[in-house]
Amino acid sequence: MNFIEELRWRGMIHDLMPGTEEQLSREMTAAYIGFDPTADSLHIGNLLPIMLLVHLQRYGHKPIVLVGGATGMVGDPSGKTEERKLLSIEQIQYNLNGQKKQLMKFLNFETGNNRAEIVNNFDWFRDYSFLDFIRDVGKHITVNYMMSKESVKKRLETGMSFTEFSYQLVQGYDFYWLYRNMNCKLQMGGSDQWGNIVTGTELIRRMYFDLEGSEASAYALTCPLVTKADGSKFGKSEGGNIWLDPAKTSPYLFYQYWLNLSDEDAAHFIRLFTLFSQEEIGQLTLEHQNAPHLRILQKALAKDVTLRVHSEQDYNMVVEASSILFGQGTTAMLHNLPEDMLLAVFEGVPQSEVNRQIIAEGIGIVDFLTEHTGIFPSKGEARRTLKENAVSVNKEKVSEEFTVDGKCLLNDRYILVQKGKKNYYLVKTR
RNA sequence: GGGGAGAUUCCAGAGCGGUCAAAUGGGGCAGACUGUAAAUCUGUUGGCGAUGCCUUCGGAGGUUCGAAUCCUCCUCUCCCCA
């Protein structure tokens, strides 16, 4: 099996420029994907492009990660309906460093002649003057060509700044630069990047022809955008994006996101986000169908991704936490849990502090849930939820009349509050 | 420049002088059923010291015992004709 065949059975190819497959089988090929430095962490929406690079490297090719220090300053109009806010140089630099660290976990940057490399396009744009750019690069691409792009056409009605219009040229030049300086012949990305990538290949072809009279061929490969079966957006939960940074999305919530996928999504995503072979996935799918309640696919997927993004230690902790929170955990079990274990288990759940004195004196559950802990935004909502029998303290359902007092404390200082089935809060006394 | 339509609670969208904290749908939250799934069904969805009170219907004034509803001005959006 080769790289393209691998992607094909996994359903990771949306579009492929003719000749790409031939190029890849001809020689070790360097390929790049660009990442936008819009945040200081990547999120699981970035995972698919990352996996493209991972597969690429596994098949002996050379991955290049481009972090868009320069392009990030311009803003990609693809898929956007509005002009984007510009980020400051400092902010971009900061975000870049955060993303860099995360990418290191996926690719081998150390050994072999196909070791991954990371580049920042700000390095070649920083000293490139505007006039030089429009003379050297702009000359080879017509406005007519640029206007025909879907990303531009969509914005013609509502308006688009010259800055964003220029974006495709800037990205196109990246490809040219990498082609020339790093022998990078392939650019990959999400399907929304097709137009930008093709501008790059076109620019390379024309610039080589116009300047040197030689033929040059560059290639493009895009993966589909990830969608969920129910139409909701992949990678979002109630709390927002699912980030790779444990400080932004705790490993617990990260694991839970994958574990909670529907059967349909799990079967789909396990091909995209894990390295299990076709046979292994077939086997897992079979086992899953025989005993769907065990959620074998979800567990295998959640485990694999959590291990790669976080660590084995995080994974163990998170499984432990999940089994206590969702397994046969009882009030008695909670009371017997040692403090360090308790804290480890609840690392990912929202926490709040409350004055010890208040608990000692005893306090009505409604006030406790609102004023003192902020678990509910208003008393009305707290009461409503209590009436719906949806609030538990230390895994026991409580009513509106319940009083929180010293007897509720676990390890003499913690209280576990549950709203509904899945939402946990840990209250500490101080 | 001329003519018309509109701005309502998270969103869409009713209401057109009291019975309006405001129909209905969507979304959200929760419950039942399950497998921490999907589908389905049910409840709930401004705040509070709560058979009442307070703040909300683009903004500012006004009419009225009483205004989301009527009048004036302002701001913004959309459509049609130039």
Side-chain angles (χ1 to χ4, degrees), chain A residues 81-82 157-159 226-242 249-271 273 284-303 305-306 315 317-330 333-334 345-346 348-350 363-393 395-402 416-426:
Chain A
T81 49
E82 287 176 4
E157 287 283 318
T158 51
V226 186
T227 51
K228 292 216 292 181
D230 65 0
S232 64
K233 201 165 175 345
F234 168 72
K236 296 260 192 209
S237 72
E238 314 83 69
N241 273 331
I242 305 292
T249 299
S250 70
Y252 169 75
L253 288 174
F254 183 87
Y255 179 80
Q256 285 287 329
Y257 181 81
W258 298 100
L259 197 65
N260 270 308
L261 290 173
S262 69
D263 292 4
E264 210 174 330
D265 287 333
H268 176 203
F269 294 167
I270 199 163
R271 290 182 300 153
F273 300 115
L284 287 168
T285 308
L286 201 67
E287 285 175 34
H288 186 276
Q289 280 161 355
N290 290 335
H293 60 282
L294 295 179
R295 287 178 299 146
I296 288 165
L297 280 174
Q298 282 92 335
K299 282 180 184 163
L301 172 60
K303 175 179 180 177
V305 183
T306 306
Y315 168 72
M317 196 277 288
V318 135
V319 169
E320 183 72 36
S322 300
S323 79
I324 288 174
L325 296 181
F326 292 102
Q328 298 311 353
T330 58
M333 263 182 73
L334 283 172
V345 164
F346 294 109
V349 314
I363 178 164
I365 184 75
V366 174
D367 288 336
F368 176 76
L369 292 174
T370 53
E371 285 167 37
H372 298 285
T373 59
I375 292 170
F376 285 88
S378 75
K379 293 186 182 177
E381 188 170 332
R383 286 207 188 87
R384 199 184 307 128
T385 313
L386 283 160
K387 276 200 190 73
E388 287 167 338
N389 204 24
V391 178
S392 299
V393 170
K395 290 198 83 84
E396 272 178 358
K397 299 274 184 184
V398 296
S399 69
E400 213 177 315
E401 287 76 42
F402 186 80
L416 179 67
V417 179
Q418 207 175 338
K419 174 186 150 204
K421 218 177 297 186
K422 298 184 197 173
N423 308 300
Y424 287 90
Y425 305 87
L426 186 66

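Throughout, protein chains are lettered first and strands after them, A, B, ... in sequence-line order, and every chain is numbered starting at 1.
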Applying a 3.5 Å limit to both distances, which nucleotide forms a Watson-Crick or G-U wobble pair with B/G1?
-> B/C81
May I ask you to say what A/R384 touches in the nucleic acid, namely base, sugar-phosphate or nothing, with a heavy-atom cut-off under 4.0 Å?
-> sugar-phosphate
Full working for ring pair (Phe, Tyr, Trp, His ring centres under 6.0 Å) between A/Y255 and A/F326 | CA-CA 13 Å; A/Y255 179 80; A/F326 292 102; over 10 Å; no
Interatomic distance where CZ belongs to A/F376 and P belongs to B/C29 [whole Å] = 13 Å
Heavy atoms from other residues, nucleotides or ligands near NZ of A/K303 exceed 12 (cutoff 6.0 Å) | no
Minimal non-hydrogen separation, A/L325 against A/F346, with atom names | CD2-CE2, 3.2 Å
With both distances under 3.5 angstrom, what nucleotide forms a Watson-Crick or G-U wobble pair with B/C57?
-> none
Atom OH of A/Y424 and atom P of B/A30: how far apart are they, to the nearest Å?
-> 13 Å
Using Watson-Crick or G-U wobble geometry with both distances below 3.5 Å, tell me the partner of B/G6, or none.
-> B/C76
Paired with B/A67 by Watson-Crick or G-U wobble geometry, both distances under 3.5 Å: which nucleotide is it?
-> none
Using a heavy-atom cut-off of under 4.0 Å over every strand shown, decide if A/S262 touches base, sugar-phosphate, or nothing.
-> sugar-phosphate
Within this structure, what is the NZ-to-P distance between A/K419 and B/G31, rounded to whole angstrom?
-> 10 Å
Determine yes or no for a side-chain-to-main-chain donor-acceptor pair under 3.5 angstrom, with A/T373 supplying the side chain and A/F368 the backbone.
-> yes
Considering only heavy atoms and no angle criterion, is a donor-acceptor pair shorter than 3.5 Å present between the side chain of A/E388 and the base of B/G43?
-> yes
Checking N1-N3 plus N6-O4 or O6-N4 for Watson-Crick, or N1-O2 and O6-N3 for wobble, each under 3.5 Å, the partner of B/C20 is none
Between the base of B/U36 and the side chain of A/Q256, is there a donor-acceptor distance below 3.5 Å?
-> yes
Classify every nucleotide of nucleotides 49-56 of chain B by which part a protein heavy atom approaches to under 4.0 Å, writing B for the base, S for the sugar-phosphate alone and - for neither, in 5'-to-3' order.
-> SB------
Protein-nucleotide distance (A/E381, atom CD; B/G46, atom P), rounded to Å | 10 Å
When every non-hydrogen atom of A/L416 is compared with those of A/K395, the smallest separation belongs to CD2-CG, 4.3 Å
Within this structure, what is the CD-to-P distance between A/Q418 and B/U36, rounded to whole angstrom?
-> 13 Å
G-U wobble or Watson-Crick pairing nucleotide for B/U44 (cut-off 3.5 Å, both distances) = B/G28
Closest non-hydrogen atom pair, A/F254 against A/T249 = N-CG2, 3.9 Å
Please check if any side-chain donor atom of A/E264 sits under 3.5 Å from a side-chain acceptor atom of A/S262, or the reverse.
-> no
Taking CZ from A/R295 and P from B/A38, how many angstroms apart are they, rounded to a whole number?
-> 11 Å
Nearest-angstrom distance from the residue atom CG of A/N290 to P of B/G35 | 16 Å
Got a sec, which residues hit salt bridge (charged side-chain N to carboxylate O under 4.0 Å, His left out) with A/E320, two or more places apart in sequence or on another chain?
-> none
Donor/acceptor link under 3.5 angstrom from A/K421 side chain onto base of B/U34 = yes
May I ask you to say what A/E264 touches in the nucleic acid, namely base, sugar-phosphate or nothing, with a heavy-atom cut-off under 4.0 Å?
-> nothing
Atom CG of A/N260 and atom P of B/A37 are separated, to the nearest Å, by 6 Å
In Watson-Crick or G-U wobble terms, with both distances under 3.5 Å, the base opposite B/U36 is none
